[in-house]
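In this chain, residues are counted from 1 in sequence order. Note that the structure is a prediction, hence the values are computed from the model and not measured.
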Amino acid sequence: MRQLLKASAVLATAALALTACGSADSGADSGDTLIVYTNSNGDGRGDWLTEQAAEAGFDIEVVGQGGGDTTNKILAEAGNPVADVVFGLNNVYFNQLVDAETIEPYTPVWANEIDAELGDASGDGNYWPVVQQAILLAYDADRIDAADAPNDWLDLWNDPAFEGRYQSETSMGNATIQIVMSGILTRYADPEGEMGISEEGWAEVEKYFSTGSPAVEDVDVFQRIVDGEVDYGQLPSSGLPGREASYDITAGVVEPEVGVPFVVEQAAIIKGTDQLEESQEFINWFGGAELQAAWSAEFDSMPVNQGAIDQAEPSIVEFHEGLVRQDIDWEFVTENLPGWVEKIELEYVV
């Protein structure tokens with residue numbers, strides 16, 4: 001059953017030019033609210049998007065959860081969907097959704113403005129890239145010299161100097177920790193090992209949880225860093241500039257020799273939506289250069305749309321382009337991630 005659908009959509013005529021189709025006829029005036037699932041609603045993103053969408057003629061309700069939780073929710077609702085659109089999930093999650101036949105293929109009007117290799121590798125146009133994210137191990141560079149920081153994630157639990165000085169996560173429902181674990185586990189790929197991972201790899205994961213300082217509910221990791229409770233913690237790259245401003249610090253990032261895990265947030269339409277045309281119009285608007293440039297300016301994200309990249313803050317582009325990307329077999333991750341998450345939750349999470 002659909003959630004809290006409003007009687008009519010907000011229509012702001014002066015803002016209709018913001019829609020990617022450039023038409024004065026927005027697809028959002030059917031009288032129903034578009035339900036938008038995402039794992040990218042934090043730090044005010046959900047409220048900001050709702051306001052921008054209203055100005056563009058879309059009445060949306062943003063439903064936010066972690067990446068794993070959002071994926072599981074869509075899978076559970078297969079055949080009787082609540083959501084119309086989903087964005088923010090990475091390729092791994094979307095491949096699971098495509099395999100379960102929960103995604104409606106669609107080619108947005110901005111398809112020729114992005115690097116298609118960052119999206120659906122099948123070429124079927126099931127989902128499309130909007131934002132690039134580096135998954136970082138960050139610290140306060142005003143307090144810790146780079147020479148004293150770890151060189152790699154593995155140093156955190158293998159070097160006694162860092163014991164208890166990094167935040168270990170207490171839930172595997174979020175995309176960021178799942179990508180961190182994937183970046184570690186894929187280094188220990190072993191066809192004879194449990195779920196494709198050697199015993200040594202699983203030992204490394206166990207040490208991550210047993211040696212760290214467990215996350216505190218509703219307390220930002222940078223607040224804990226400023227308070228001196230921990231020195232290091234995970235963070236998607238778009239969250240870094242805002243944390244620097246909020247906590248008045250200069251952030252340092254660890255750059256392992258193997259590289260930094262990179263993910264690409266995607267957008268797609270849910271199969272079975274009863275608002276297909278409106279959902280298509282929303283995707284056209286959301287992934288377009290104008291909205292993505294505004295999203296980048298507001299939330300320091302690295303866009304995929306070339307028109308948005310051209311308008312983005314140069315320091316954001318330079319930072320992301322300067323990072324070495326870890327070579328991760330995402331097909332291997334997609335195949336094994338649900339099992340990895342289950343094992344970690346049952347055996348290792350504190």
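The two residues Val317 and Met302 have their closest heavy-atom pair at CA-SD, 3.9 Å. Considering every non-hydrogen atom in both Ile197 and Leu185, the closest pair reads CD1-O, 3.2 Å. Scanning both residues, Ile60 and Ala53, for their nearest heavy atoms gives CD1-CB, 3.8 Å. Across all non-hydrogen atoms, the minimal contact from Leu34 to Ser279 is CD2-OG, 3.7 Å. Taking each heavy atom of Pro81 and Lys271 in turn, the nearest pair found is CG-O, 3.5 Å. In this structure, Ala100 and Leu75 approach most closely via the heavy-atom pair CB-CD2, 3.4 Å.
A ring-centre distance under 6.0 Å is found for Phe299 and Trp48. Side-chain rings of Phe58 and Trp285 approach one another, their centers coming within less than 6.0 Å.
Using a 30° and 60° split on the angle between ring planes, Phe94 and Tyr127 fall in the parallel class, below 30°.
Two residues are said to be in side-chain contact when any heavy atoms from C-beta on lie closer than 4.5 Å; Ile269 and Ile103 fail this criterion. Val264 has its side chain out of reach of Asn90: every pair of non-hydrogen atoms, C-beta onward, lies at least 4.5 Å apart. Considering only heavy atoms from C-beta on, Trp128 stays 4.5 Å or farther from Ile283 through its side chain. When side chains are defined from C-beta on, Val36 counts as touching Phe282, because their heavy atoms get closer than 4.5 Å. Within the 4.5 Å cutoff, side-chain heavy atoms of Val180 are placed close to those of Ile135. With contacts defined as side-chain heavy-atom distances shorter than 4.5 Å, the pair Glu313/Asp300 does not qualify. Between Gln306 and Ile114, the closest side-chain pair of non-hydrogen atoms is not below 4.5 Å. Counting heavy atoms from C-beta outward, His320 and Pro303 have side chains that stay 4.5 Å or more apart.
A donor-acceptor pair is defined here as one N or O able to donate and one able to accept, closer than 3.5 Å; no such pair exists between the side chain of Thr186 and the backbone of Ile328. Asp155 contributes a side-chain N or O that, together with a main-chain N or O of Asp152, makes up a donor-acceptor pair within less than 3.5 Å. Side-chain atoms of Gln311 come within 3.5 Å of backbone N or O of Gly307 as a donor-acceptor pair. At distances below 3.5 Å, at least one donor-acceptor pair connects side-chain atoms of Asn95 with backbone N or O atoms of Asn91. Side chain of Tyr166 to backbone of Gly212: a donor-acceptor contact under 3.5 angstrom is found. With Arg143 contributing its side chain and Asp140 its backbone, the two residues share no donor-acceptor pair below 3.5 Å. Side-chain atoms of Thr102 never come within 3.5 Å of backbone atoms of Ile74 as a donor-acceptor pair (strictly under, hydrogens ignored). In this structure, the side chain of Trp295 does not engage the main chain of Phe286 through any donor-acceptor pair within 3.5 Å. Under a 3.5 Å cut-off, the side chain of Thr38 and the backbone N or O of Ser40 do form a donor-acceptor pair. Using a distance-only test at 3.5 Å, with no hydrogens or angles considered, a donor-acceptor pair links the side chain of Asp329 to the main chain of Glu331.
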Might you work through the side-chain contact (heavy atoms from CB on, under 4.5 Å) test for Trp202 and Glu194, ending with a clear yes or no? CA-CA 9 Å; Trp202 288 116; Glu194 184 178 3; 3.8 Å; yes
Go through it in stages, so that I can follow the logic: the residues are Leu337 and Phe332, the test is side-chain contact (heavy atoms from CB on, under 4.5 Å), and I'd like the CA-CA distance, side-chain angles, deciding distance and then a yes or no. CA-CA 8 Å; Leu337 185 60; Phe332 175 56; over 6 Å; no
Working for side-chain hydrogen bond (donor to acceptor under 3.5 Å, both in side chains), residues Asp120 and Ser122: CA-CA 5 Å; Asp120 183 5; Ser122 73; 2.8 Å; yes
After noting the C-alpha distance and the side-chain angles of Ser168 and Thr211, does the key distance pass the side-chain contact (heavy atoms from CB on, under 4.5 Å) rule? CA-CA 8 Å; Ser168 54; Thr211 309; over 6 Å; no
Hey, mind stepping through Val260 and Leu136 against side-chain contact (heavy atoms from CB on, under 4.5 Å) and telling me if it holds? CA-CA 7 Å; Val260 173; Leu136 304 172; 3.8 Å; yes
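Residue Glu347 places its CD atom among more than 12 non-hydrogen atoms of other residues, nucleotides or ligands, all under 6.0 Å distant. For CD of Glu342, the number of neighbouring non-hydrogen atoms (other residues, nucleotides, ligands) closer than 6.0 Å is 12 at most. Within 6.0 Å of atom CG in Asp327, 12 or fewer heavy atoms from other residues, nucleotides or ligands are found, so the atom counts as exposed in its surroundings. For Asp227, the CG atom is densely surrounded, since the number of other residues' heavy atoms within 6.0 Å is greater than 12.
Using a 4.0 Å cut-off between a side-chain N of Lys or Arg and a carboxylate O of Asp or Glu, Glu204 and Arg187 do not qualify as a salt bridge. Residues Asp43 and Arg243 are paired through a salt bridge, judged by an N-O separation under 4.0 Å between the basic side chain and the carboxylate.
Residues Glu77 and Tyr37 bring a donor and an acceptor atom of their side chains to less than 3.5 Å of each other. In this structure, a donor-acceptor pair under 3.5 Å is present between the side chains of Gln133 and Ser237. Between the side chains of Asn305 and Glu113, at least one donor N or O lies within less than 3.5 Å of an accepting N or O. Defined by atom type and a distance below 3.5 Å, a donor-acceptor pair is present between the side-chain atoms of Asn284 and Tyr106. Donor-acceptor pairing under 3.5 Å is recorded for the side chains of Asp59 and Thr33. Asp84 and Thr273 form a side-chain donor-acceptor contact under 3.5 Å, judged by distance and modelled atom types alone.
Note on Ile316 and Phe319: separate hydrophobic clusters, where clusters join Ile, Leu, Val, Met, Phe, Trp and Tyr whose side-chain heavy atoms are under 4.5 Å apart, directly or indirectly. Cluster annotation: Ile177 is connected to Trp330 through the hydrophobic network of ILVMFWY side chains, with a link wherever side-chain heavy atoms come within less than 4.5 Å. Cluster membership check: Phe262 does not share its hydrophobic cluster with Val258, using side-chain heavy-atom separations under 4.5 Å among Ile, Leu, Val, Met, Phe, Trp and Tyr. Residues Val263 and Trp153 share a hydrophobic cluster, clusters being chains of Ile/Leu/Val/Met/Phe/Trp/Tyr side chains in contact below 4.5 Å. Residues Ile179 and Val253 do not share a hydrophobic cluster, defined by chaining ILVMFWY side chains whose heavy atoms lie under 4.5 Å apart.
Here the CD-OG distance, from Gln223 to Ser246, works out to 10.0 Å after rounding to the nearest 0.5 Å.
A side chain to side chain donor-acceptor pair (under 3.5 Å) with Asp231 is found for one member of Arg224, Gln167, Arg165 and no other, namely Arg165. With respect to Tyr93, the side chain to side chain donor-acceptor pair (under 3.5 Å) criterion is satisfied by exactly one of Gln266, Gln178, Glu265: Gln178. When each of Phe162, Tyr208, Trp157 is paired with Tyr232, the ring-ring contact (aromatic ring centres under 6.0 Å, His included) condition holds for Phe162 and for no other.
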